[in-house]
*Asks:* 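So that we are looking at the same thing, I have put the structure below in structure tokens.
Numbers restart at 1 for each chain; the letters A, B, ... are given by sequence-line order, proteins then strands. Given the structure is predicted, the values throughout are model-derived calculations rather than measurements.
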Amino acid sequence: MTTGELFPETLALPGLTSLPGFALAEEQALLQTIDTVAARAPFRRMKTPGGKEMSAAMTNCGAAGWVSDARGYRYARLDPQSGQPWPKMPDSFRTLAQRAAAQSGFPGFVPDMALINRYEPGARMALHQDIDERNFAAPIVSVSLGLSAIFLWGGPKRTDKPARLPLHSGDVLVWGGTARKYYHGIAPIKTGEHKLTGATRFNLTFRHAL
DNA sequence: CAGTCGCA
DNA sequence: TTGC
């Protein structure tokens, strides 16, 4: 299977737009910007309400950050680890997300935050819904950087069998409308090497959360 | 409270 | 994959 024949499948997945290589030219700059955010709000592995540690490490930028702990999932205006506001959303992040959304049929998208996930080999994201945001009219814009991954794209019910979509550095995914609350996840990351990140995958997820 | 971004 |  080559990458060339993978993406046309995406067009058959209603509500999901795949933009292969959309951010490839900005890859290095985006990674540097992630470092800048992480210098002020370090990556950390949060606990689920059930008390288990997530395998992906996370941080946030923008007006609020997605957090999980014993109290549940929610958006918080302050980083619980520092008590300080999350780092500002970099202009380059916002511009990228707006361009990707506009190209995918969401011209008015103005993200107010970005969740940044960091995956090492073996890390995963179980099938879940993005439902903690207040604005479900706004889409989700997801940017992959570094190590490749298999994106799991389910449906409105968790029992819907997910499609498996390979994602590579620079790929952008946008979902919204009827698919806004569809279940999705990331299969366990396979070991590998990326020229800029080594054995690490980063994912930027832009939302209108507040 | 229900579900569960995890787990068996 | 499904139930907790």
*Asks:* State, to 0.1 Å, how close R180(A) and F136(A) come at their nearest heavy-atom pair, and which atoms those are.
*Replies:*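 R180(A) and F136(A) have their closest heavy atoms at CG-O, 3.5 Å.
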*Asks:* For the residue pair Q129(A) / Y182(A), report whether a side-chain donor-acceptor contact shorter than 3.5 Å exists.
*Replies:*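 On atom types as modelled, these side chains do not qualify, holding no pair under 3.5 Å.
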*Asks:* Using a cut-off of under 3.5 Å, enumerate the N/O to N/O pairs linking the protein to nucleotides 4-8 of chain B.
*Replies:*
from, atom 1, to, atom 2, distance (Å)
dT4(B), OP1, Y183(A), OH, 2.6
dC5(B), OP1, Y73(A), OH, 2.7
dC5(B), O5', Y73(A), OH, 3.1
dC5(B), O4', H128(A), ND1, 3.4
dC5(B), N4, Q129(A), O, 3.3
dC5(B), N4, D132(A), OD2, 3.2
dG6(B), OP2, A126(A), N, 2.5
dG6(B), O6, R158(A), NH1, 3.4

*Asks:* Dot-bracket for DNA chain B, please. Rules: Watson-Crick or G-U, both distances under 3.5 Å, ( ) within the strand, [ ] when a pair crosses earlier ones, | for another strand, . otherwise.
*Replies:* .....|||
*Asks:* Less than 4.0 angstrom from a charged side-chain N to a carboxylate O is my criterion; do E53(A) and K47(A) meet it?
*Replies:*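 So E53(A) does not pair with K47(A) through a salt bridge.
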*Asks:* Side chains of R118(A) and I34(A): closer than 4.5 Å at any heavy-atom pair?
*Replies:*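 Answer no - side chains too far apart.
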*Asks:* Taking atom P of dT2(C) as reference, at what distance in whole Å does atom NZ of K161(A) sit?
*Replies:*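 One finds 10 Å between P of dT2(C) and NZ of K161(A), rounded.
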*Asks:* Quick one: does R99(A)'s side chain get under 4.5 Å of F22(A)'s, heavy atoms only?
*Replies:*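 The answer is yes; the side chains approach within 4.5 Å.
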*Asks:* For residues 88-95 of chain A, which side-chain N or O atoms pair as donor and acceptor with protein atoms under 3.5 Å away, sequence neighbours left out?
*Replies:*
from, atom 1, to, atom 2, distance (Å)
D91(A), OD1, R94(A), NH1, 3.2
T95(A), OG1, D91(A), O, 2.9

*Asks:* One pair to check against side chain to side chain donor-acceptor pair (under 3.5 Å): N203(A) and S142(A). What are the steps and the verdict?
*Replies:* CA-CA 7 Å; N203(A) 177 253; S142(A) 169; 2.9 Å; yes
*Asks:* To the nearest 0.5 Å, how far apart are OH in Y119(A) and OG1 in T197(A)?
*Replies:*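 Here the interatomic distance stands at 14.0 Å.
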